[in-house]
Amino acid sequence: MSYADKVFIDMCKDILENGTSTEGEKVRPHWPDGSPAYTIKKFGVVNRYDLGKEFPVMTLRRTALKSATDEILWIWQRKSNNIHDLHSHIWDEWADEDGSIGKAYGYQLGVKHQYKEGMMDQVDRVLYDLKNNPFSRRIMTNIYVHQDLHEMNLYPCAYSMTFNVTQRPGEDRLTLNAILNQRSQDVLAANNWNVVQYAVLVHMFAQVCSMNVGELVHVIADAHIYDRHVPIIRELIAREPKPAPVFKLNPEIHDFYEFTREDVSLEGYETGEQIKDIPIAI
């Protein structure tokens with residue numbers, strides 16, 4: 001069984017059995033037909049993945065690795081807020097007539113800030129510190145910028161990354177660990193998608209900084225299953241998981257800005273039947 005499958009199954013069972021419902025409460029999300037989108041939710045879910053042991057992609061259904069990678073590069077590498085720079089249509093609901101999602105996600109990572117070492121954006125600052133100050137406890141990003149929230153078409157869900165480097169006994173190379181902080185997550189639509197994305201990002205950062213990959217810790221403040229997703233989730237977690245595939249990253253790339261979605265692949269990735277036309281709350 002893939003470890004990512006175990007984490008997902010256990011998390012979903014916990015939400016369904018021990019979570020609280022928002023039914024009847026004032027909620028912002030709604031279904032395309034205008035009905036309120038209620039949830040069963042758990043507060044403060046924390047999942048840990050050791051990337052050195054296994055790549056955390058679930059097998060219960062297929063997670064589109066290249067599309068997930070394309071989106072994380074759209075945000076972290078291209079630092080774009082325009083859907084025309086994406087190969088998928090997952091952001092179309094939140095884009096304006098010009099394709100912009102406002103001052104959100106990639107826009108915030110592209111803003112340059114003054115540091116003692118000069119002007120850098122948040123991504124370049126992370127890469128600079130990983131290479132020059134790896135044991136700093138200040139290697140982090142934050143895109144939940146209050147002064148710009150009114151110009152964001154969607155407030156950031158995954159809003160902060162904290163990187164932490166360790167020296168494992170007996171190893172010459174340093175180990176890169178990271179914490180992903182998420183204020184809210186649609187468990188069915190986005191959980192493994194986000195886990196895969198940020199696992200890929202840690203692998204990329206580790207490679208360009210000549211480090212080993214360590215832990216990815218995923219902290220979710222509000223992990224929820226939408227009302228119309230409950231029967232889908234029940235069917236999904238009843239499936240038989242398969243062994244985890246092997247993740248491959250092009251070893252020839254040593255500059256983060258040279259990675260493309262074609263530089264990632266999975267060997268031996270067998271999955272259950274894909275779930276199509278998942279209703280998405282907006």
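Position 1 is the first residue of the sequence; numbering continues from there.
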(Q) Salt bridge or not between Lys79 and Asp85? Use side-chain N to carboxylate O under 4.0 Å. (A) no

Q.
Which residues end up grouped with Val246 if you chain together Ile, Leu, Val, Met, Phe, Trp and Tyr wherever their side-chain heavy atoms are less than 4.5 Å apart?
A. none

(Q) Using a 6.0 Å distance limit plus a 45 degree cone around the ring axis, check whether Arg125 lies over the aromatic ring of Tyr115. (A) yes

Q | Short side-chain donor-acceptor distance under 3.5 Å, Ser35 and Asp33 | A | yes

Q. Can you check whether Leu16 reaches Arg234 side chain to side chain, under 4.5 Å on heavy atoms?
A. yes

Q.
Quiz question: by atom type and distance under 3.5 Å, do the side chains of Ser136 and Asp129 form a donor-acceptor pair?
A. no

(Q) Within the supplied structure, the quantity of interest is the number of heavy atoms (other residues, nucleotides, ligands) at a distance under 6.0 Å from Glu151 CD; does it exceed 12? (A) yes

Q. Who else is in the cluster with Tyr38 when I, L, V, M, F, W and Y are joined by side-chain contacts under 4.5 Å?
A. Val27

Q. Is it the case that Trp193 and Asp186 place a side-chain donor and acceptor less than 3.5 Å from each other?
A. no

Q) More than 12 heavy atoms of other residues, nucleotides or ligands under 6.0 Å from NZ of Lys41: is that the case? A) no

Q.
I want to check something: taking the side chain as every heavy atom from C-beta on, are Asp50 and Tyr3 in contact at a cut-off of under 4.5 Å?
A. no

Q.
For a side-chain contact (heavy atoms from CB on, under 4.5 Å) check, start with the C-alpha distance between Val202 and Leu176, then their side-chain angles and the critical distance, and finish with the verdict.
A. CA-CA 7 Å; Val202 173; Leu176 178 62; 4.2 Å; yes

Q: Please work out whether the ring planes of Trp74 and Trp91 are parallel, tilted or perpendicular, with thresholds of 30° and 60°.
A: tilted

Q | Glu273 CD: over 12 foreign heavy atoms closer than 6.0 Å | A | no

Q | Test item: side-chain donor near acceptor, Asn181 and Thr162, under 3.5 Å | A | no

